[in-house]
2 protein chains.
Amino acid sequence: MPKAKASKRPLKTPPTPSRRSPCPVSCALDLFGDRWTLLVIRDLMLGRNRFKDFVSSPEGIPTNILSDRLERLLESGMVRQIPASDGGKRMAYELTEKGDSLRPVMKSIRDWGLAWEPGTKVLLQQG
Amino acid sequence: MPKAKASKRPLKTPPTPSRRSPCPVSCALDLFGDRWTLLVIRDLMLGRNRFKDFVSSPEGIPTNILSDRLERLLESGMVRQIPASDGGKRMAYELTEKGDSLRPVMKSIRDWGLAWEPGTKVLLQQG
DNA sequence: ATTCATTGCTTGCATTATGCAAGTTTTTTA
DNA sequence: TAAAAAACTTGCATAATGCAAGCAATGAAT
């Protein structure tokens, strides 16, 4: 649970704590190069925005993994928290501009999967 | 033990070993959703094709990981082995059509990294 | 022909991540 | 107010990763 405190002093920490190389592909994979992160982003792009929504996706992400991924996505500025639309006190998640700009990545991966992995199909269209 | 031939696992891979869902993104991530596979494919797209080339890339992939990834890429039909161009007896690797068709994915990830990860830059252009 | 360095791996082992089940706390609903 | 749902956390077993070392097969040099 990050305590979201805004610091005013200039960042001393380098932009990347432990970057393997300055290659943009390598750096991108440091952020979402795993089997779950892009699935959470996919769900967000499809309009799902609650913890339970991600959990109920067909791949069945374990809740401890989901907590970890959401935390990392918040840290890396791809996701932010907002009040849930039901007016209650719980929070929901949404993509920032940085996260939303992964749509071309998502589309290219989806297209590749549809073309080369037999039996795949798009379950939900993005509205 | 024979060298460089058989995998340790049973390898009776059915069309879909254990697919998490029929989602094309999920299935694609089952194949290259990790921190190393796409870097090997990047190197192949840049014209590198030998084990030592992959090892000498700036990210420093461990050789056991590289062996595993090459084996999986062969299994999934994204990479094939060919005689090395130096006329010797050693083999090299190259992308199949399936692997090469990941270029749009690679490009979208590279573009995203360049746009959103400060300090990244393309080290080698693809010829 | 013998030595030597390079290539392409494999092995062993410590560390880290993943996956599963269960438990906990807060919020919402009945 | 009691119960259910939501959003996590914790514990623990298993798997993946990362590092160093080792080793057999080339290829090059002597």
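Just so it is clear: chains get the letters A, B, ... in the order the sequence lines come, proteins before strands, and each one is counted from 1.
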Are any of A:Arg50's side-chain N or O atoms less than 4.0 Å away from OP1 or OP2 of D:dA7? yes
Begin from the C-alpha positions of A:Asp43 and A:Asn49 and carry the test side-chain contact (heavy atoms from CB on, under 4.5 Å) through to its verdict. CA-CA 7 Å; A:Asp43 286 353; A:Asn49 61 357; over 6 Å; no
Would you tell me if any nitrogen or oxygen in the side chain of A:Trp36 comes within less than 4.0 Å of OP1 or OP2 on C:dG19? yes
When you compare the protein's N or O atoms with those of nucleotides 21-26 of chain C, which come within less than 3.5 Å of each other, and at what distance?
unit_1: C:dT26; atom_1: O2; unit_2: A:Arg90; atom_2: NH2; d: 3.4

Ion pair present between A:Arg19 and B:Glu117, side-chain N to carboxylate O less than 4.0 angstrom? yes
Taking only side-chain nitrogens and oxygens of B:Arg35, does any of them come within less than 4.0 Å of OP1 or OP2 of D:dG18? yes
To the nearest 0.5 Å, how far apart are CG in A:Leu70 and CD in A:Glu75? 11.5 Å
For B:Arg72 and B:Asp30, run salt bridge (Lys or Arg N to Asp or Glu O under 4.0 Å): C-alpha distance rounded to whole Å, both residues' side-chain angles, the deciding distance at 0.1 Å, then the answer. CA-CA 11 Å; B:Arg72 292 190 195 198; B:Asp30 286 339; over 6 Å; no
Counting any heavy atom closer than 4.0 Å, what does B:Phe54 reach on the DNA or RNA strands: base, sugar-phosphate only, or nothing? nothing
Between A:Arg20 and A:Ser67, the residue closer to the 5' end of DNA chain D by nearest nucleotide is A:Ser67
Atom CG of B:Leu74 and atom C1' of C:dG8 are separated, to the nearest Å, by 14 Å
Quick one: label B:Arg69 by what it contacts on the DNA or RNA (base, sugar-phosphate, nothing), any heavy atom closer than 4.0 Å. sugar-phosphate
Please compare A:Gly60 and A:Gly87 by the position of their nearest nucleotide in DNA chain C and report the one closer to 5'. A:Gly60
Given atom CD1 of A:Ile65 and atom P of D:dA7, what is their separation to the nearest angstrom? 18 Å
Donor-acceptor pair, distance only, cut-off 3.5 Å: does the side chain of B:Thr37 make one with the backbone of B:Asp34? no
Does OP1 or OP2 of C:dC9 have a side-chain N or O of B:Tyr93 closer than 4.0 Å? yes
Rounded to the Å, how far apart are A:Met91 CE and D:dC8 P? 10 Å
Starting from the C-alpha separation in whole Å, work towards a yes-or-no answer on ring-ring contact (aromatic ring centres under 6.0 Å, His included) for A:Trp36 and A:Phe54. CA-CA 10 Å; A:Trp36 293 112; A:Phe54 309 135; over 10 Å; no
Rounded to whole Å, NZ of A:Lys52 lies from C1' of C:dT28 at a distance of 11 Å
Report the C-alpha separation of B:Glu59 and B:Arg42 in whole Å, then their side-chain angles, then the decisive distance to 0.1 Å, and conclude whether the side-chain contact (heavy atoms from CB on, under 4.5 Å) test is met. CA-CA 12 Å; B:Glu59 292 82 15; B:Arg42 173 204 62 185; 2.8 Å; yes
A:Arg72 CZ to D:dC8 C1', straight-line distance once rounded to whole Å: 17 Å
In whole Å, I'd like the distance from the CG atom of B:Asp86 to the P atom of C:dT6. 16 Å
Round to the nearest Å and state the distance from A:Asp68 atom CG to C:dG19 atom C1'. 13 Å
How long is the line joining CG of A:Asp34 and P of D:dA16, in whole Å? 14 Å
